[in-house]
Amino acid sequence: MPDSFSFQLNGEEVRVEGVSPNLTLLDWLRASGRTGSKEGCAEGDCGACSVAVAETDAAGKPAYRSINSCLTPLILMAGRDVVTVEGLENGCPHPVQAAMTAHHGSQCGYCTPGFIMSMFEGYYRKDMDRDWKLDDQLCGNLCRCTGYRPIRDAALVSLKERKKKGADRFDRSLAKAPVRLKSLEYQQNGERFFRPTTLKELFAILKKHPAARLIAGATEMGVEIAKRFKKFPILVSIEAVAELAKAKKGKDGWHLGAGLKLTDLADAVEKDFPEWARMLWVFGSRQIRNRATLGGNLVTASPIGDTAPVLLAHGATMVCASAKGERKVSVDDFFVDYRKTCLKGGEILREVFVRVPADKAGGKVLREWYKVSKRREMDISTVSACFVVHFGKDGKVAGARLAFGGVAATPIRAKKTEKALLGKPWDTKTVEAACKVLATEFNPLTDARGTKEYRSGVLVSLLRKFF
């Protein structure tokens, strides 16, 4: 089994050997003298470690994506094109660097390289057409001394300047071909890494190494490696399995691969599921969503995972696959206990299928998603919720699915409350009666983010707000 691999770093091929598959990209960069990227939080909150990676977007076009190098194992960059702040200089500063200097966007400078790399991604985005998108682009970076206004001003100026001829002298233009990762096997000191390119290869590896840990974007596992100093003997990456990263709309709904990155998910489903897209805009940061995957967020089975309530409210179907074949499971039966799903040994979540709610003849559908947290961006939900209510021709409730996260050991539906709404007119009397049911339907958990009494009150207030 090979003990070396290579990737492109700032336009030059770099060969790496003799490192653990658990070594993070940030640790390797700093140990090799590329100290522009900084470590602040080691958990993807501060953005000081941000670098850019050449990726393929949801439309199949090349794009730069900023990521947290503190969470990303170096081995995942094999065969990729990585750009750090050191790689932006080309006889003169990159436009985002020049704008940052001109608008006094840096004082101590510790966070500046990370901001620059987030702005770098934004500079090449063609969808930066609304102010909130710039805020979203920068929300994964923290500054403790400069203040955000001059940084935001610099970003705005650089976006305007990019339209001018010759404004960008950055000569490392994106490759025209989509990013296609090749199969890879690697080992060092007994630690192994596999990157198959097909499901058949993946299942064969899992059969041979049943104790292997699957890795996708590593946004959660990266915290275990960087902050808890864990090492995983056998890692199997799903990133090169193209089938797992597809988003395809059929006549009956969306077929979403479990390996689909959350940035691409938001771009793909925004028109059909605007409430889902709104959820994703406050799901971690842009850097996190550029790596995190749909399946990764679901298979961890966290009770506060924000994707699960959306799928519960929409009655999604989970496609579980193994070497023996596939089986379909209702999302209602997918989460079986705290941090536990119904997946069996050797089985993976291959796809999520979601129907697009539609207004029927004479009736309509209302849907919305909510997140209650201590701050808007970069925070864990105290309670999250997604509601989908269908109405008949007579205006009465014909169907309702009310889903919550952060309430119990698993994401959960308020089935008694749903029943209290069925067949009733959508009015204050009906909703208040349903609120009384909802107030006593659960025994919410108590933790550092809120007491059970607080959560119980939030559940009721969200249903009122929806009405």
Residue R130 excluded, over 12 heavy atoms near CZ under 6.0 Å:
yes
Is R289 salt-bridged to E121, going by a charged N under 4.0 Å from an acidic O?
no
Which heavy-atom pair separates V310 from W369 by the least distance, and what is that distance?
CG2-CD1, 3.6 Å
CZ of R144: more than 12 outside heavy atoms within 6.0 angstrom?
no
Is the distance between the ring centroids of Y370 and F404 under 6.0 Å?
no
In plain terms, say whether E43 and R228 are close enough for a salt bridge, that is, a side-chain N and a carboxylate O under 4.0 Å apart.
no
With a 4.5 Å heavy-atom cut-off, do K271 and K249 have their side chains touching?
no
Aromatic ring proximity, centroids under 6.0 angstrom, F7 and W28
yes
Return yes if a side-chain donor-acceptor contact under 3.5 Å exists between N22 and E191, otherwise no.
yes
Check: R413 and R401 side chains under 4.5 Å, non-hydrogen atoms
yes
Strictly by modelled atom types, are N10 and T84 linked by a side-chain donor-acceptor pair under 3.5 Å?
yes
Any donor-acceptor pair under 3.5 Å linking the side-chain atoms of S4 with those of R15?
yes
